[in-house]
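Side chains included, hydrogens not; waters and symmetry mates left out as well; all remaining heavy atoms used. Start at 1 and go down the list; that is how both ligands and their atoms are numbered.
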Amino acid sequence: MSDVAPPRDPIFACAGEMAERCATYDWSGSPLGVPASWPQSLRTAVATVLRSRFAMTVTWGESLLMIYNDDYIDTLGPKHPALGQGMPETFPEVWEDLAAQQDAILHGGRSEYLEDVPFVIERGGVLEERFSTFCSSHIPSDDQDAGPGGILTILTPRTREVVHAKRLALLNALVNRTSLGNDPDSAITACLEVLGDAPSELVHGCYYAVEVDGGLTAVRDFGTSPKGLAAADGPPLLASDCMRDAATTVVHRQGRPLVALPVRTRDRVAGVLLLAPHPLRLFDDDHRRWLELVGEQVGQVLGAATARSDEQARLAALAQIDSAKSDFLSNVSHEFRTPLTLLLGPLDDALADPDGSLSRPQLQVMLRSGHRLLRLVNALMEVARLDVDTSTDPARRVEPVDLAALTRDLVLPFEPAAVQAGLMLATRYEETGVVGTDPALWESIVINLVANAIKYTPSGLIEVALTVRDDQVVLRVRDSGVGIPEDHHERIFERFHRVVGPDAPSVEGSGLGLSLVAEAARALGGSIDVTSEPASGSVFTVVVPRSPVDDDRPVVHHAGLGAELLAKDLVRALDRFPDDAGPDDGHAPSAPAAGRQTILVVDDNQDLRQHLTEVLAPLGRVVACRDGVEALETVAALDRSEHPATGVDLVVTDVSMPRLDGLGLVERLRSDPRHAAVPVVVLSARAGPEAA
Ligand code: ADP
């Protein structure tokens with residue numbers, strides 16, 4: 001017996017695993033028989049396939065027995081080795097689709113060229129979708145009796161390329177379709193829509209936003225969440241782990257991966273994107289890298305949208321500041337114009353008249369106007385000082401202050417005003433000791449609250465109480481005055497806000513006082529509160545910290561000039577406004593002199609009323625009223641008078657007035673046929689184009 005191996009059949013005489021397998025395969029038990037007996041066409045085809053560098057297979061005879069080369073092994077995956085096995089047994093999962101076509105080719109039909117054909121094969125119990133481009137052609141048999149011949153198939157594996165193209169398209173869609181979101185929420189919605197549009201790659205996704213407290217909230221999802229992962233149950237552990245580690249985190253559920261990706265905007269993790277890839281996709285490094293790119297892209301979209309919405313918010317805030325500034329300027333100019341008119345008007349008149357001189361009442365008006373201007377300038381300087389932001393260096397103005405002594409000094413000058421107004425002013429000061437605070441801000445608080453209490457209390461009692469409560473000092477100013485309607489309680493602390501309306505008191509003011517008080521209280525680290533009821537009175541309570549002082553500078557307990565000035569002004573103002581004054585300052589309209597026109601002057605500012613009356617007096621009889629309501633009453637009184645035909649000939653009215661303003665007055669006059677044609681001149685210190 002010789003142990004020399006028989007010579008290898010020349011068709012298998014080439015390198016490679018499959019040549020080796022073919023050479024050693026026991027063909028005698030196969031329907032093909034031993035290679036030497038094969039038809040020449042089969043032998044040539046097999047020799048060609050084994051030597052080719054393309055993935056190729058020959059399938060022969062009715063049972064389509066397979067002979068393939070090394071490059072085809074990858075396509076078979078775990079089905080390899082399938083040498084000598086029939087095609088139908090090797091690919092049962094796709095055979096239904098292939099059978100008719102393969103049968104036609106086997107029997108001499110047209111060659112088939114098919115691109116990127118998907119087929120699902122099983123690898124180790126897991127199904128995977130793969131893609132191939134292949135060309136199958138008939139191999140005729142040279143032995144007519146041996147059967148129909150076979151099929152030569154040349155195949156290009158395309159799974160990588162096809163899947164890459166799908167993934168690239170999805171990334172592109174993320175870039176293109178999500179770049180317009182203007183806020184983080186719509187950006188995330190758009191991203192998840194795009195991801196949800198690719199069910200062949202992703203079957204479920206959920207975005208969890210990181211909240212301020214570090215918690216996670218599910219905000220959007222798509223597809224069907226895998227079992228045990230319902231978003232409604234709150235964020236799964238996986239998402240929490242991902243956020244904690246700020247790194248891609250993967251778990252497997254029923255053999256399939258679930259991937260949590262940190263979504264970063266600039267330098268922080270803004271959320272976690274949980275994705276369940278399609279179960280037919282192989283989860284390899286490429287796949288994981290692609291999912292990470294998706295997470296990064298969502299982060300970029302979200303970051304850009306957040307930046308855009310921040311920018312919009314910044315622009316809106318700037319626009320608001322700008323408009324607040326314009327309002328402020330317009331309000332300020334308005335406040336300046338009235339006293340300036342009252343100063344300059346009489347001066348102009350006196351200079352225009354060669355014998356002109358100023359009467360004592362005129363000089364008094366001018367002096368009062370000058371004081372009003374001074375007070376306004378002081379208030380504005382205070383506004384500016386508070387605007388400069390005391391918080392940048394709050395300690396700079398802190399001085400040792402005996403708050404009780406200072407408060408007493410500040411309230412004292414108001415006593416004459418209270419007496420003048422027929423009010424009782426009760427005070428109580430608990431010893432506060434020396435406190436570290438800003439005396440100018442405290443002065444602003446005390447004098448504005450006390451002045452308001454006097455201004456807005458027609459009769460009764462005003463109480464000022466300074467008490468100590470643990471480490472706080474409490475100032476309470478209570479009055480039995482007109483009170484403030486509930487819906488104004490917050491707004492009275494805004495700059496220029498005044499209570500207007502039919503029941504509002506007709507008292508002059510700029511609307512700056514309480515805003516200064518509130519800002520000063522805040523700057524001192526304290527707060528202000530109001531309780532008030534219309535017709536019963538108001539209580540303003542300011543609480544500031546009783547901060548200790550740790551230096552030996554002299555103690556401040558003198559009031560500045562502010563209290564004196566304001567109190568004096570108040571005395572003058574009260575002197576000017578006996579509260580029972582009626583139309584024409586107490587004079588009922590008298591019968592008009594024959595041939596003289598009747599002019600109605602309507603203005604809430606007493607001095608301006610006086611000035612207008614003097615200016616218009618040469619033109620006719622002037623009747624002055626304090627607001628729209630008084631003007632209407634006067635008009636009605638004139639109608640009832642003995643000379644109805646001579647009624648009102650001209651109305652000159654201010655715009656802003658308590659109870660009924662100028663525009664309201666015009667409306668009421670126009671709606672009454674008797675006065676619809678009366679000429680009305682509307683005066684306003686608001687000179688901006690928007691006012692026009
Ligand atoms: P001003 O008194 O110059 O109008 P403020 O800012 O001091 O401005 O007050 C704003 C508004 O709050 C006032 O116009 C008035 O309507 C209301 N107000 C303030 N203090 C009182 C008070 N003690 N009683 C009733 N109303 C008040």
Side-chain angles (χ1 to χ4, degrees), residues 327-328 331-332 334-336 338-339 368 371-380 382-383 386 411 414 417-418 421 423-426 443-465 475-522 528-542 562-563 565-567 569-570 572-574 577 579 604-606 627 656-659 661 685:
D327 285 355
F328 183 73
N331 279 318
V332 165
H334 174 249
E335 292 305 322
F336 272 95
T338 306
R368 239 191 336 270
H371 277 296
R372 178 133 192 242
L373 281 174
L374 182 61
R375 245 185 327 119
L376 266 171
V377 170
N378 286 343
L380 288 173
E382 200 61 34
V383 167
L386 288 165
V411 177
F414 287 93
L423 300 170
M424 208 178 122
L425 176 61
E443 170 175 335
S444 183
I445 293 173
V446 175
I447 66 176
N448 278 299
L449 288 182
V450 175
N452 276 356
I454 297 174
K455 264 164 53 177
Y456 297 104
T457 305
S459 63
L461 176 70
I462 290 165
E463 287 174 319
V464 178
L475 172 73
R476 185 168 289 124
V477 179
R478 179 198 299 272
D479 65 55
S480 60
V482 295
I484 303 159
E486 171 117 39
D487 52 333
H488 289 270
H489 284 190
E490 275 184 23
R491 297 212 58 203
I492 48 169
F493 298 110
E494 289 171 15
R495 284 177 191 173
F496 298 109
H497 185 79
R498 308 197 70 213
V499 181
V500 287
D503 304 322
S506 186
V507 177
E508 273 184 34
S510 63
L512 276 174
L514 283 183
S515 72
L516 283 176
V517 173
E519 283 174 48
R522 269 196 296 276
I528 181 160
D529 185 44
V530 63
T531 52
S532 181
E533 228 180 279
S536 313
S538 314
V539 185
F540 285 87
T541 309
V542 174
L565 272 175
L566 190 59
D569 235 32
L570 209 55
R572 286 193 203 96
L574 293 166
F577 295 112
D579 63 71
D604 59 332
N605 183 297
Q606 160 70 17
D627 57 35
S656 322
M657 291 178 297
R659 302 209 291 172
D661 67 9

ask   = Do you know which two heavy atoms are closest between Val517 and Ser444, and how far apart they sit?
value = CG2-O, 4.0 Å
ask   = Is Asn448 touching ligand 1 with its side chain, its backbone, both, or neither, if touching means heavy atoms under 4.0 Å apart?
value = neither
query = How many angstroms lie between atom CD1 of Ile492 and atom CG of Asn452, to the nearest 0.5 angstrom?
reply = 8.5 Å
query = Looking only at heavy atoms of Lys455, does any of them come nearer than 4.0 Å to an atom of ligand 1?
reply = yes
note = Within 4.0 Å of some non-hydrogen atom of Val499, the atoms of ligand 1 are 14 (O), 16 (O)
task = Only heavy atoms count here, so choose which of Gly537, Gly511, Ala518 is nearest to atom 8 (O) of ligand 1.
result = Gly511
query = So, is Ser515 polar-close to ligand 1, with some N/O to N/O distance under 3.5 Å?
reply = no
request  = May I ask you to check if ligand 1 and His497 share an N or O to N or O distance below 3.5 Å?
outcome  = no
ask   = Ser538 near ligand 1, heavy-atom distance under 4.0 Å?
value = yes
ask   = Applying a 4.0 Å heavy-atom criterion (strictly less than), which segment of Ile484 is in contact with ligand 1: side chain, backbone, both, or neither?
value = side chain
ask   = Which atoms of ligand 1 are found less than 4.0 Å from any heavy atom of Arg498?
value = 1 (P), 4 (O), 14 (O)
remark   = Nearest heavy-atom approach of Leu461 to Ala426 is CD1-CB, 4.4 Å
note = Residues His489 and Ser532: closest non-hydrogen pair is CE1-O, 3.2 Å
query = Above 12 or not: heavy atoms from other molecules or residues under 6.0 Å from CD of Glu533?
reply = no
Geometric N/O contact Phe540 with ligand 1, under 3.5 angstrom = no
query = Should the proximity of Val482 to ligand 1, defined as any heavy atom under 4.0 Å, be assigned to the side chain, the backbone, both, or neither?
reply = side chain
task = Just jot down the ligand 1 atoms closer than 4.0 angstrom to any heavy atom of Leu512, in number order.
result = 6 (O), 8 (O)
ask   = Can you name the one residue among Arg498, His497, Arg491 that meets side-chain hydrogen bond (donor to acceptor under 3.5 Å, both in side chains) with Glu494?
value = Arg491
ask   = Closest heavy-atom contact between Gly483 and Ser538?
value = CA-OG, 3.6 Å
message = Could you report the tightest heavy-atom contact between Arg659 and Asp627, atom names first, then the distance?
response = NE-OD2, 2.8 Å
